[in-house]
Undergrad: 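Here it is, the structure in full.
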Number of protein chains: 2
Amino acid sequence: MALDNRKKEVLQAIVDDYVATCEPVGSKALIDRHDFMVSSATLRNDMAELERMGYLEQPHTSAGRIPSDKGYREYVNSLMKVDRLSDAEGKEIKEKLSVSFDEIAELLKAASSALADQTGYISLAMTPKLTSSYLTQLKMLMIEPGKVLVVVVLSAGVVKNRMVRIPDFLTQEQIAQISNAVEQGLSGLPLSEISLITVATAAKDNQKVELPEALLNQVLYEAYTAIKQADNLDVYMQGKHRMLALPEFSDTKRAQGLFDTLSHDGLVAGYVDEVTKQDEKKEYMIRIGQEITLEGLDDCSFITTTYNVGGKVAGNIGVIGPKRMEYSKVISQINFVRMMLDEKLKQ
Amino acid sequence: MALDNRKKEVLQAIVDDYVATCEPVGSKALIDRHDFMVSSATLRNDMAELERMGYLEQPHTSAGRIPSDKGYREYVNSLMKVDRLSDAEGKEIKEKLSVSFDEIAELLKAASSALADQTGYISLAMTPKLTSSYLTQLKMLMIEPGKVLVVVVLSAGVVKNRMVRIPDFLTQEQIAQISNAVEQGLSGLPLSEISLITVATAAKDNQKVELPEALLNQVLYEAYTAIKQADNLDVYMQGKHRMLALPEFSDTKRAQGLFDTLSHDGLVAGYVDEVTKQDEKKEYMIRIGQEITLEGLDDCSFITTTYNVGGKVAGNIGVIGPKRMEYSKVISQINFVRMMLDEKLKQ
DNA sequence: TTTAGCACTCTTACTCCTCGAGTGCTAAAC
DNA sequence: GTTTAGCACTCGAGGAGTAAGAGTGCTAAA
């Protein structure tokens with residue numbers, strides 16, 4: 001059963017009002033604040049109907065209505081008016097992102113910070129997903145005998161490094177030769193295809209110095225793990241503490257549940273990944289309330305989108321806020337930040 | 001006016017009880033739970049006296065007493081019994097810290113995590129203060145034309161790196177020569193003595209290739225800023241969300257104030273530094289309630305200590321918890337972690 | 001299909017009251 | 001001088017009762 005026009009308007013008005021006030025909306029308040037050309041009694045009938053259909057909920061008999069998850073979903077899918085970002089706001093974001101960045105991590109931190117400041121909610125920025133990227137450089141730098149810094153550079157502009165231990169007596173020259181060999185053999189190869197075996201064959205095919213097999217393998221193993229750990233996503237999250245100011249989290253129990261989950265970066269990153277796959281074709285992904293399968297986020301909504309590096313889908317940015325969120329505003333903000341990132345990462 | 005023995009016992013008992021229950025302690029409850037050989041009336045007199053002297057406070061006339069900041073201070077300074085860590089707990093911490101670490105940062109993260117888990121409060125671990133350390137290595141690694149990774153290695157075992165931009169046409173060889181020259185000229189020099197000028201003279205004294213002055217200066221400037229930013233402390237903080245479970249933070253306003261401040265790493269690091277200087281000679285530094293000059297931490301206590309690298313005072317670890325904290329337990333935990341760090345960083 | 005009217009429900013806020021924990025003080029006992 | 005028993009007093013927590021107000025659903029008429 002579809003919603004007739006007035007019911008749509010009613011639902012829309014209720015969501016708008018509830019977002020603004022965080023108070024259940026009654027038929028009278030609705031009449032007062034909007035130009036419905038009908039009486040409150042008519043709205044009451046509509047509201048009762050909307051409740052029967054699952055779009056609205058009533059905290060108690062004598063309170064007004066609040067949108068259900070389904071109500072928000074309908075709102076987001078077809079009712080809300082998409083905001084244009086004000087010029088002032090666009091300029092502000094632009095300024096915050098006009099950092100000179102030499103590593104993508106810095107830009108993402110700035111993006112996350114801008115998003116948190118601008119929305120007033122929790123922001124999220126994740127380094128590019130590396131499955132789609134490939135190795136461009138591998139350097140091993142002797143820091144002191146037995147200690148080597150492995151620097152891994154990936155096509156998406158990500159640079160990671162990691163300190164590893166190797167036998168004391170190896171020289172910088174030997175190490176450099178090994179890393180050069182591996183780099184030659186592997187550069188251009190997608191990360192997903194790099195395994196201990198491909199590393200080993202790369203080294204053996206391209207290597208000039210002779211080293212005992214066992215020794216070589218030890219170094220290669222360290223190189224391999226360094227490459228593999230470069231695969232880890234970094235998650236930048238900001239603005240958590242702002243949630244405490246919202247009435248929905250005035251109960252510390254809820255806030256605790258939320259923070260508990262959010263303190264596990266991996267969980268969040270995994271969920272974003274899952275959502276991104278589900279809504280592959282969409283410009284942005286929205287999950288509302290119970291739709292979110294992470295514990296403690298039932299009162300939240302989660303909006304994410306993907307940014308591109310060199311024109312290819314790379315990583316995610318997103319916002320976590322209360323269900324009672326200014327969806328259209330947040331969407332336009334997140335979109336703007338995404339566009340800025342895309343542009344800066346076009347190179 | 002000094003406290004007589006019984007008053008000391010009374011204060012100690014009140015702190016112990018209040019820490020355990022978070023409820024104001026009355027004279028009767030005190031008699032019930034402890035073996036005072038006097039009547040409740042006597043204790044009442046003592047408590048009134050202790051209040052007059054500023055060690056206790058009364059939330060309202062008809063409630064029991066709670067310790068004031070001064071009361072906690074007295075408790076910490078001379079009343080509390082120092083706990084020995086249980087073997088089980090020691091073992092647990094040991095296990096958590098038995099990560100194989102190649103960078104000091106990893107060890108500190110583990111230490112912070114162990115401390116948070118063990119105390120149930122907020123833990124803190126800071127990378128070594130670098131004013132006392134000196135440069136041991138400086139490497140510049142060309143990632144792509146115009147982009148160079150500067151790796152700075154410091155005596156305290158800290159490795160930092162930073163991507164910088166340089167003119168496109170410089171070659172890896174030129175860059176390497178410059179960085180070698182700078183490294184030769186500066187290695188062994190305390191960070192505090194490194195300035196743009198010392199960097200420049202180091203380069204010019206040791207350099208073999210000739211580059212136009214302006215070009216060279218540009219590269220040196222980038223090297224210099226990379227060295228300088230290696231000076232930034234990293235702060236690892238964990239367990240914030242646990243504070244929400246405490247009754248003193250059931251009011252979200254307070255929690256918000258706390259989290260607001262804690263989200264500024266720099267503030268916290270600066271404060272730790274200040275406290276460390278004030279209590280230079282002490283084994284650990286304690287700040288209670290209003291003694292803490294950070295906003296929003298009036299209901300907290302802050303315990304920090306220093307760990308050593310190679311036998312020299314290096315960085316700080318610490319715990320932030322409610323004033324109503326199990327001081328002796330936390331102190332022994334923090335001490336244990338400190339000892340473990342010292343040992344691991346003896347090298 | 002819409003509307004006016006009305007009885008009904010339920011929350012919130014306020015007041016009143018009692019209960020109990022805890023106090024301070026006094027006067028007597030040690 | 002110190003300790004103790006006794007007692008009046010204070011104050012907050014919690015429960016009961018009540019009134020106000022917001023909002024509803026339903027009915028009957030337009």
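Lettering follows sequence order; numbering is per chain, from 1. All figures in this text were calculated on a predicted structure; none of them were measured in a lab.
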Undergrad: Name the one of B:N316, B:T305, B:T304 that satisfies side-chain hydrogen bond (donor to acceptor under 3.5 Å, both in side chains) with B:R338?
TA: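 Filter result, single survivor: B:T305.
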
Undergrad: For DNA chain D, whose closest nucleotide is more 5', that of A:R44 or that of B:V38?
TA: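 Nearest-nucleotide comparison on DNA chain D picks B:V38.
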
Undergrad: Could you state the atom-to-atom distance from CZ of A:R65 to C1' of D:dG23 in whole Å?
TA: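 Atom CZ in A:R65 sits about 9 Å away from atom C1' in D:dG23.
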
Undergrad: Identify whether the distance between the nearest side-chain nitrogen and carboxylate oxygen of A:E291 and A:R73 falls below 4.0 Å.
TA: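 A:R73 and A:E291: salt-bridged.
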
Undergrad: For the helix from C:dT1-D:dA30 to C:dC30-D:dG1, what angle lies between the axis at the first five pairs and the axis at the last five pairs, to 10 degrees?
TA: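 Axis angle across the helix from C:dT1-D:dA30 to C:dC30-D:dG1, nearest 10°: 20°.
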
Undergrad: Is any side-chain N of the basic residue among B:R52 and B:E49 closer than 4.0 Å to the acidic one's carboxylate O?
TA: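 Here B:R52 pairs with B:E49 in a salt bridge, since their nearest N and O are under 4.0 Å apart.
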
Undergrad: What does A:S40 touch in the nucleic acid at a heavy-atom separation under 4.0 angstrom: a base, only the sugar-phosphate, or nothing?
TA: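 No contact.
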
Undergrad: In whole angstrom, give the distance that lies between atom CD of B:E23 and atom P of D:dA13.
TA: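 Between P of D:dA13 and CD of B:E23: 11 Å.
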
Undergrad: Between B:R6 and D:dT2, is there a side-chain N or O to OP1/OP2 distance below 4.0 Å?
TA: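 The answer is no; no side-chain N or O of B:R6 sits under 4.0 Å from OP1 or OP2.
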
Undergrad: If I take atom CD in residue B:Q58 and atom C1' in nucleotide D:dC9, what distance separates them, rounded to the nearest angstrom?
TA: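 In whole Å, D:dC9 C1' and B:Q58 CD are 13 Å from each other.
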
Undergrad: Rounded to the nearest angstrom, tell me the gap between atom CE in B:M47 and atom C1' in D:dT3.
TA: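 Going from B:M47 (CE) to D:dT3 (C1'), I get 17 Å.
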
Undergrad: Looking at D:dA22, I'd like to know if its phosphate oxygens (OP1 or OP2) sit under 4.0 Å from a side-chain N or O belonging to A:S62.
TA: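 For A:S62, the contact criterion (side-chain N or O under 4.0 Å from OP1 or OP2 of D:dA22) is not met.
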
Undergrad: One thing to verify: whether A:R287 and A:D279 come together as a salt bridge, which I'm taking to mean a side-chain N less than 4.0 angstrom from a carboxylate O.
TA: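 So A:D279 pairs with A:R287 through a salt bridge.
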
Undergrad: Describe the nucleic acid contact of B:A63 in one word from base, sugar-phosphate, nothing, applying a heavy-atom distance below 4.0 Å.
TA: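 The residue B:A63 makes sugar-phosphate contact but no base contact.
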
Undergrad: I'd like the 5' and 3' limits of the part of DNA chain C contacted by chain A, with heavy-atom contacts below 4.0 Å.
TA: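 Contact boundaries, 5' end first: C:dT2 to C:dT11.
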
Undergrad: Rounded to whole angstroms, how far apart are CG on A:N45 and P on D:dA28?
TA: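 Rounding to the nearest Å, CG of A:N45 and P of D:dA28 are 15 Å apart.
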
Undergrad: Nearest whole Å is fine: how far is D:dT3 P from B:D46 CG?
TA: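 Roughly 7 Å, once rounded to whole Å.
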
Undergrad: Quick one: does any side-chain atom of B:S68 pair with a main-chain N or O of B:E57 as donor and acceptor, under 3.5 Å?
TA: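 Between the backbone of B:E57 and the side chain of B:S68 there is no qualifying donor-acceptor contact (under 3.5 Å).
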
Undergrad: Report the residues that fulfil ring-ring contact (aromatic ring centres under 6.0 Å, His included) with B:F259, sequence neighbours left out, ordered by chain and then residue number.
TA: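 By the ring-ring contact (aromatic ring centres under 6.0 Å, His included) rule, B:F259 matches no residue at all.
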
Undergrad: Pick out which of B:R254, B:R324, B:K323 makes a side-chain hydrogen bond (donor to acceptor under 3.5 Å, both in side chains) with B:D299.
TA: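 When B:R254, B:R324, B:K323 are each tested with B:D299, the side-chain hydrogen bond (donor to acceptor under 3.5 Å, both in side chains) holds only for B:R254.
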
Undergrad: Nearest heavy atom decides the nucleotide; on that basis, is B:P59 or B:T42 closer to the 5' end of DNA chain D?
TA: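 Between the two, 5'-proximity favours B:T42.
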
Undergrad: Regarding A:K70 and A:E74, does a basic nitrogen lie under 4.0 Å from an acidic carboxylate oxygen?
TA: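 Here A:K70 does not pair with A:E74 in a salt bridge, since their nearest N and O are not under 4.0 Å apart.
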
Undergrad: Do you see a donor-acceptor pair shorter than 3.5 Å between the side chains of B:S301 and B:Y327?
TA: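 Side-chain D/A pair, B:S301 to B:Y327: present.
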
